[in-house]
Enquirer: 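Just dropping this structure here.
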Amino acid sequence: MDRALALARSFAHRTCPNPSVGCVITDGEGRVLGEGHTQPGGGAHGEVMALRDAAARGHHVRGATVHVTLEPCAHQGRTGPCCDALVAAGVGKVIASLGDPNPRVAGQGFERLRAAGIAVEVGPGAAQAREINLGFFSRMLRGTPWVRMKVAASLDGTTALHNGRSQWITSEAARADGHAWRARAGAVLTGIGTVQEDDPRMDVRLFDTPRQPIAVLVDSQLALNPGANLFQPGRPLLVYCAEADTARRATLEAAGATVIALPGPGGKVDLAALLHDLGQREVNDLHVEAGHKLNGSLLREGLLDELIVYLAPRLLGPGRGMAAIGPLDELAAGVQLEFGAITPIGPDLRVLARVAGRDRF
């Protein structure tokens, strides 16, 4: 199972909107007959790839044991049911890390395997498998993506100087690592303020990927310039607004954007509705790279799940902070976090922190 989990983990940035699944097939003596992982969206799943690999190696899998990180699917989607492929191959046992939360599967894969006389064991590697596909579980169980915010800051928490300058606080190594996190997301979100100040592309350039995440913009009044770098050939751009001015909407749609009006209080975009809309669009992981105002709104509304903070070994003094959530009168009113891994990235530190309790769904 460790090998199956490693396969799933290594290719997690390539499979959206599908979960990343690793599969290893072994004989009675534990020798590997074949292995595989989920292909990019629309491609074969891990079980089918492992069966193909075994055939390519000249191995028969009748009576073999299948180690897979998620319940074999039982529905016809972009590909056929994996449980049927395993039954047809005549495997003897399936060991799965955990069940598939997709209502179209939800135990049916295990039932069909057992009905065919195949032994099923569930549990090994469950925590790791869920973590690899946390965004998929979030979309299936909450109806919204897993929301991960990336911040680059000085050691004293400054993300930009008082005049807005922020390029570059952290190192090239940290920027490349940030692109790897972008690559595993289904969509990258920013705000109109960031676009007007920096004109970013919000794409993946410093990490090899077969696909680009959807670009998502919060732009309440449709102030986006149709010549902005967010417009990239072949990449979807979703612009969420509060007021869909007819002329501005037509201009942006002519440039290639999809404009969605989701009005919320105070003339702002309804961010909770935005997340539900992205869930409907099969976005598992939403990567946020925005300014302190939008970051603060996501935090205040309880919509953020996780932070990736790159801390540079420098002090910058007063400037813009990570998120506009204060001032607070009580310490208890702050956002409680749970630290994950703290990893050196070049000269900087990458801190993973999860909003307390957000992964318990």
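Since the structure is predicted, the reported quantities are computational estimates derived from the model, not experimental observations.
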Enquirer: In Å and rounded to the nearest 0.5 Å, what is the CG to NE2 distance from Asp27 to His59?
Expert: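 So the gap between those two atoms works out to 8.0 Å.
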
Enquirer: Evaluate the side-chain proximity of Asp305 to Val147: yes if any heavy-atom separation is below 4.5 Å, no if none is.
Expert: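 The answer is yes, as the side chains (C-beta and beyond) meet within the 4.5 Å cut-off.
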
Enquirer: Return the set of residues passing ring-ring contact (aromatic ring centres under 6.0 Å, His included) with Phe361 (not counting sequence neighbours), or none when no residue passes.
Expert: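 Checked Phe361 against ring-ring contact (aromatic ring centres under 6.0 Å, His included); zero matches.
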
Enquirer: For Arg314, what residues pass the salt bridge (charged side-chain N to carboxylate O under 4.0 Å, His left out) criterion, not counting sequence neighbours?
Expert: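 With sequence neighbours excluded, Arg314 shows a salt bridge (charged side-chain N to carboxylate O under 4.0 Å, His left out) to no residue whatsoever.
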
Enquirer: Is there a side chain to side chain contact (heavy atoms under 4.5 Å, CB included) between Gln39 and Met49? Walk through the geometry before answering.
Expert: CA-CA 8 Å; Gln39 298 301 292; Met49 294 302 297; 3.7 Å; yes

Enquirer: Apply salt bridge (charged side-chain N to carboxylate O under 4.0 Å, His left out) to Asp359 and list each qualifying residue two or more places apart in sequence or on a separate chain.
Expert: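 Listed in chain order: Arg354.
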
Enquirer: Can you tell me how far CG of Asp177 sits from CD1 of Ile345, rounded to the nearest 0.5 angstrom?
Expert: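 Interatomic distance, Ile345 CD1 to Asp177 CG, rounded to 0.5 Å: 4.0 Å.
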
Enquirer: Apply the test side chain to side chain contact (heavy atoms under 4.5 Å, CB included) to residues Leu70 and His45: give CA-CA distance (whole Å), side-chain angles for both, the deciding distance (0.1 Å), then the verdict.
Expert: CA-CA 11 Å; Leu70 191 67; His45 295 182; over 6 Å; no

Enquirer: Do you know the tightest heavy-atom contact between Cys83 and Arg112?
Expert: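 So the minimum-distance heavy-atom pair works out to SG-NE, 3.6 Å.
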
Enquirer: Of all residues at least two apart in sequence or in a different chain, which pass the side chain to side chain donor-acceptor pair (under 3.5 Å) check with Arg165?
Expert: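 None.
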
Enquirer: Please round to the nearest 0.5 Å and tell me the distance separating atom CZ of Arg139 and atom CG of Asn133.
Expert: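 Between Arg139 CZ and Asn133 CG, I get 11.0 Å after rounding to 0.5 Å.
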
Enquirer: Kindly give the heavy-atom pair with the smallest separation between Pro103 and Gln108, and that separation in Å.
Expert: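 Shortest heavy-atom contact: O-NE2, 3.9 Å.
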
Enquirer: How many angstroms lie between CD1 in Ile192 and CG in Asn225, if you round to the nearest 0.5 Å?
Expert: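 That separation rounds to 9.0 Å.
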
Enquirer: Could you tell me whether the side chains of Ser297 and Arg300 share a donor-acceptor contact shorter than 3.5 Å?
Expert: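 There is such a pair between these side chains.
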
Enquirer: Write out all pairs satisfying ring pair (Phe, Tyr, Trp, His ring centres under 6.0 Å) with one or both partners inside residues 9-36, taking only residues at least two apart or from two chains.
Expert: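 Only Phe11-His37, His13-Phe207 qualify under ring pair (Phe, Tyr, Trp, His ring centres under 6.0 Å).
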
Enquirer: What's the shortest heavy-atom distance between Ala12 and Ile132, and which atoms?
Expert: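 That would be CB-CG2, 4.3 Å.
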
Enquirer: Glu121: which residues meet the salt bridge (charged side-chain N to carboxylate O under 4.0 Å, His left out) condition with it, sequence neighbours left out?
Expert: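 Applying salt bridge (charged side-chain N to carboxylate O under 4.0 Å, His left out) to Glu121 gives Lys93.
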
Enquirer: Around atom CG of Asp329, are there more than 12 heavy atoms from other residues, nucleotides or ligands closer than 6.0 Å?
Expert: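 No, because the 6.0 Å sphere around CG of Asp329 holds 12 heavy atoms or fewer from other groups.
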
Enquirer: With sequence neighbours left out, write down each residue that passes salt bridge (charged side-chain N to carboxylate O under 4.0 Å, His left out) with Arg9, or none if nothing qualifies.
Expert: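 For Arg9, no residue satisfies salt bridge (charged side-chain N to carboxylate O under 4.0 Å, His left out) once neighbours in sequence are set aside.
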
Enquirer: So which atom in Glu47 and which in Cys82 form the shortest heavy-atom distance, rounded to 0.1 Å?
Expert: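 Closest pair (atom of Glu47, atom of Cys82, distance): OE1-SG, 3.5 Å.
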
Enquirer: Check this for me, if you would: do Arg184 and Asp285 make a salt bridge, where the nitrogen-to-carboxylate-oxygen distance has to be below 4.0 angstrom?
Expert: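 Salt bridge between Arg184 and Asp285, a charged N being under 4.0 Å from a carboxylate O: no.
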
Enquirer: Do any pairs count as a ring pair (Phe, Tyr, Trp, His ring centres under 6.0 Å) and have a residue in residues 107-158, sequence neighbours left out, and if so which ones?
Expert: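 As it turns out, there is no ring pair (Phe, Tyr, Trp, His ring centres under 6.0 Å) pair with a partner in residues 107-158 once direct neighbours are skipped.
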
Enquirer: According to side chain to side chain donor-acceptor pair (under 3.5 Å), who are the partners of Thr26, at least two apart in sequence or on a separate chain?
Expert: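 His67.
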
Enquirer: Can you tell if the side chain of Val32 reaches within under 4.5 Å of the side chain of Arg57, non-hydrogen atoms only?
Expert: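 Of all side-chain heavy-atom pairs linking Arg57 with Val32, at least one is under 4.5 Å.
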
Enquirer: Is any side-chain heavy atom of Met1 less than 4.5 Å from a side-chain heavy atom of Val24?
Expert: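 The answer is no; the side chains never approach within 4.5 Å.
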
Enquirer: Can you pull out every side chain to side chain donor-acceptor pair (under 3.5 Å) where at least one residue sits in residues 193-210? Sequence neighbours excluded, please.
Expert: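 Listed by first then second residue: Glu197-Arg320, Asp199-Asn229, Arg201-Asp203, Asp203-Arg205.
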
Enquirer: State which residues pass ring-ring contact (aromatic ring centres under 6.0 Å, His included) with His179; sequence neighbours excluded, sorted by chain then number.
Expert: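 None.
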
Enquirer: Using side chain to side chain contact (heavy atoms under 4.5 Å, CB included), reason through Val151 and Ile308 one step at a time and then give a plain yes or no.
Expert: CA-CA 6 Å; Val151 176; Ile308 309 171; over 6 Å; no

Enquirer: Quick one, Val239 with Asp219, criterion side chain to side chain contact (heavy atoms under 4.5 Å, CB included). Give me CA distance, side-chain angles, the key distance, then yes/no.
Expert: CA-CA 7 Å; Val239 179; Asp219 182 8; 3.9 Å; yes

Enquirer: Centre of Trp181's six-membered ring, under 6.0 Å away, within 45 degrees of the axis: is that where NZ or CZ of Arg148 sits?
Expert: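 Ring-cation test returns no.
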
Enquirer: Taking atom CG of Asn284 and atom OG1 of Thr144, what is their separation to the nearest 0.5 Å?
Expert: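 Output value for this atom pair is 10.5 Å.
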
Enquirer: What closest approach, in Å, do Ser97 and Ala126 show between heavy atoms, and which atom pair accounts for it?
Expert: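 Residues Ser97 and Ala126, closest heavy atoms: O-CB, 3.4 Å.
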
Enquirer: Could you check whether any side-chain N or O of Ser154 sits under 3.5 Å from a backbone N or O of Ala312, counting only pairs where one atom can act as donor and the other as acceptor?
Expert: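 Side chain of Ser154 to backbone of Ala312: no pair is present.
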
Enquirer: I'd like to check Leu189 versus Tyr240 (side-chain heavy atoms, cut-off strictly below 4.5 Å). Are they in contact?
Expert: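 With C-beta onward as the side chain, the pair stays apart.
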
Enquirer: Supply the atom-to-atom distance Leu252 CG to Arg248 CZ, rounded to the nearest 0.5 angstrom.
Expert: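 These two atoms lie 9.5 Å from each other.
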
Enquirer: Is there a path of hydrophobic side-chain contacts, each under 4.5 Å between heavy atoms, that joins Val351 and Leu298?
Expert: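 Both belong to a single hydrophobic cluster.
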
Enquirer: Show which side-chain atoms of residues 259-276 pair as donor or acceptor with protein atoms under 3.5 Å away, not counting sequence neighbours.
Expert:
unit_1	atom_1	unit_2	atom_2	d
Asp270	OD1	Ala272	N	3.2
Asp270	OD1	Ala273	N	3.0

Enquirer: Quick one: do Val309 and Phe339 end up in the same hydrophobic cluster if we chain Ile, Leu, Val, Met, Phe, Trp and Tyr together by side-chain heavy atoms under 4.5 Å apart?
Expert: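 Shared cluster, yes.
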
Enquirer: Given the rule that I, L, V, M, F, W and Y join up when any side-chain heavy atoms are under 4.5 Å apart, are Val66 and Val87 in one cluster?
Expert: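 In one cluster: yes.
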
Enquirer: Please find the pair of heavy atoms, one from Leu328 and one from Ile325, that lie closest to each other, and give the distance.
Expert: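 Looking at all heavy atoms of both residues, the shortest contact is CD2-O, 3.4 Å.
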
Enquirer: Within a 6.0 Å radius of atom CD on Gln167, are there more than 12 heavy atoms belonging to other residues, nucleotides or ligands?
Expert: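 Atom CD in Gln167 is packed in, count exceeds 12.
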
